[in-house]
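Down below is the structure, laid out as structure tokens.
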2 protein chains.
Amino acid sequence: MEALESAAPPDETPCTSAGQLLAGLGKVATRRFGAALVPVGIRPRHLNALLTLRAGPTTQQGLAEAIRVDAVQLVGLLNDLEDEELIVRRRDPADRRRHIVEISCKAAARLAALDTAVAEVEDGLLTCLDPAERKQLRALLLRVAAATAEDGPVDEAPTESACPGAA
Amino acid sequence: MEALESAAPPDETPCTSAGQLLAGLGKVATRRFGAALVPVGIRPRHLNALLTLRAGPTTQQGLAEAIRVDAVQLVGLLNDLEDEELIVRRRDPADRRRHIVEISCKAAARLAALDTAVAEVEDGLLTCLDPAERKQLRALLLRVAAATAEDGPVDEAPTESACPGAA
DNA sequence: TATTGTTATACTCTATAACTATA
DNA sequence: TATAGTTATAGAGTATAACAATA
């Protein structure tokens with residue numbers, strides 16, 4: 001087997017398309033969130049669940065759709081939060097198959113610490129951008145996120161609401 | 001343990017800061033790359049290694065720094081690529097502790113298929129953005145990526161070059 | 001003694017299939 | 001029969017520690 005002499009790069013970009021940048025920065029962001037949340041006592045996977053539940057109670061399926069996590073995977077995730085008494089699970093009287101999940105009183109202090117940690121990571125990631133650029137980046141990312149919403153473990157079209165249970 | 005009545009969201013954003021958007025979209029991007037690369041026969045972890053090696057031969061340490069992967073983890077990654085005869089490892093005559101890694105001739109066809117797959121995923125992720133917005137997003141992401149370069153498993157300051165071995 | 005690459009190990013995250021209970 | 005939630009299991013990714021060969 002011989003080695004290739006020196007293949008020229010495809011175009012102008014060395015190896016960094018926007019998609020790969022997203023994938024790479026996603027890892028960096030997740031890693032930093034993980035490090036910052038250690039003192040708070042929660043892991044990255046719990047972050048979106050807690051923040052979404054703060055908007056109001058939901059069924060597990062609703063939560064799974066909202067945070068784009070497989071319903072199977074959500075079980076263990078909620079078990080962690082229940083073990084720490086940060087959430088409450090109770091049966092839905094209307095349909096006893098369903099569990100209604102909501103945030104516990106005890107979670108309030110944690111959520112405050114969590115907000116602080118998240119804001120710090122956010123700030124650390126975007127130090128190089130001024131406020132206008134941050135806003136710009138966030139707007140672009142929001143649009144991309146909305147456009148890729150039909151992806152992931154959930155295949156149902158979320159025609160109703162992205163953040164249910166706020167009633 | 002009682003349930004919290006209805007805690008109001010922190011500010012205007014429901015649960016989507018730029019940092020969390022990055023983390024979330026990173027997962028989406030990685031998942032899509034993974035799906036698109038199945039027919040090509042490589043996994044997402046190999047992507048950056050191959051694209052970086054295309055710029056020229058490197059030592060394993062140089063490659064590890066360039067793609068921000070732990071040197072330990074890089075071993076198994078390169079074993080995969082070597083098993084498929086996509087790369088060649090040989091001893092550096094100047095320092096026999098080092099391995100020089102380069103792309104094999106056989107990899108050329110794969111790289112072409114890979115470029116196509118990457119471009120398709122890229123396009124699928126950014127459908128909602130026009131060319132100017134894509135350029136804008138990429139520029140912002142590049143800056144953030146450069147600013148967070150001192151993160152990750154590598155702690156050495158990359159003062160020389162981000163993509164070594166191009167000589 | 002320090003460095004390059006390697007192996008072994010474990011822990012987290014994710015994906016699939018099969019099960020219980022309710023409808 | 002279909003749905004909500006659960007369990008079990010296996011795979012991929014990642015991080016740490018210890019080791020061999022070379023400098």
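Sequence lines set the chain letters: A, B, ... in the order given, protein chains first and strands last, and positions in each chain run from 1.
Looking at A:R134, its side chain does come within 3.5 Å of a backbone N or O of A:L129 through a donor-acceptor pair. Side-chain atoms of A:R89 do not come within 3.5 Å of backbone N or O of A:V101 as any donor-acceptor pair. A:R32 places no side-chain N or O within 3.5 Å of a backbone atom of A:V121 that could act as its donor or acceptor partner.
Here A:Q73 does not reach the OP1 or OP2 of D:dT6: none of its side-chain N or O atoms lies under 4.0 Å away.
The existence of a salt bridge linking B:D92 and B:R97 is excluded, since no basic side-chain nitrogen approaches an acidic carboxylate oxygen closer than 4.0 Å. For A:R143 and B:E133, the salt-bridge test passes: some basic side-chain N is under 4.0 Å from an acidic carboxylate O. Looking at B:R110 and B:D115, no side-chain N of the basic residue comes within less than 4.0 Å of a carboxylate O on the acidic one, giving no salt bridge. The pair B:E102-B:R90 meets the salt-bridge criterion, with a side-chain N (NZ, NE, NH1 or NH2) lying under 4.0 Å from an Asp/Glu carboxylate O.
Nucleotide D:dG5 holds its C1' atom 13 Å from the CD1 atom of A:I87, rounded to whole Å. Distance A:L77 CG to C:dA15 C1': 15 Å, rounded to the nearest Å. For the pair A:D80 CG and D:dT6 P, the computed distance is 12 Å after rounding to whole Å. Spacing between atom CG of A:N79 and atom P of D:dT6 amounts to 6 Å, rounded to whole angstrom units. Rounded to whole Å, atom P of D:dA8 lies 17 Å from atom CG of A:D70. Between the CG atom of A:L74 and the P atom of D:dT7 there is a distance of 13 Å, given to the nearest Å. Atom CZ of B:R68 and atom P of D:dT14 are 14 Å apart (whole Å). For A:R43 and D:dT14, the CZ to C1' distance is 14 Å, given to the nearest whole Å.
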With B for base contact, S for sugar-phosphate-only contact and - for none (protein heavy atoms under 4.0 Å), nucleotides 17-23 of chain C reads B----BS
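Closest to the A:R89 side chain, of the nucleotides C:dC13, C:dG5, D:dT6, is D:dT6. Closest to the side chain of B:Q61, out of C:dT4, D:dT7, C:dT6, is C:dT4.
Nearest-nucleotide assignment on DNA chain C puts the 5′-proximal partner with B:L78, out of B:L78 and A:H46. Each of A:K27 and A:R98 has a nearest nucleotide on DNA chain D; the 5'-most of these lies closest to A:R98.
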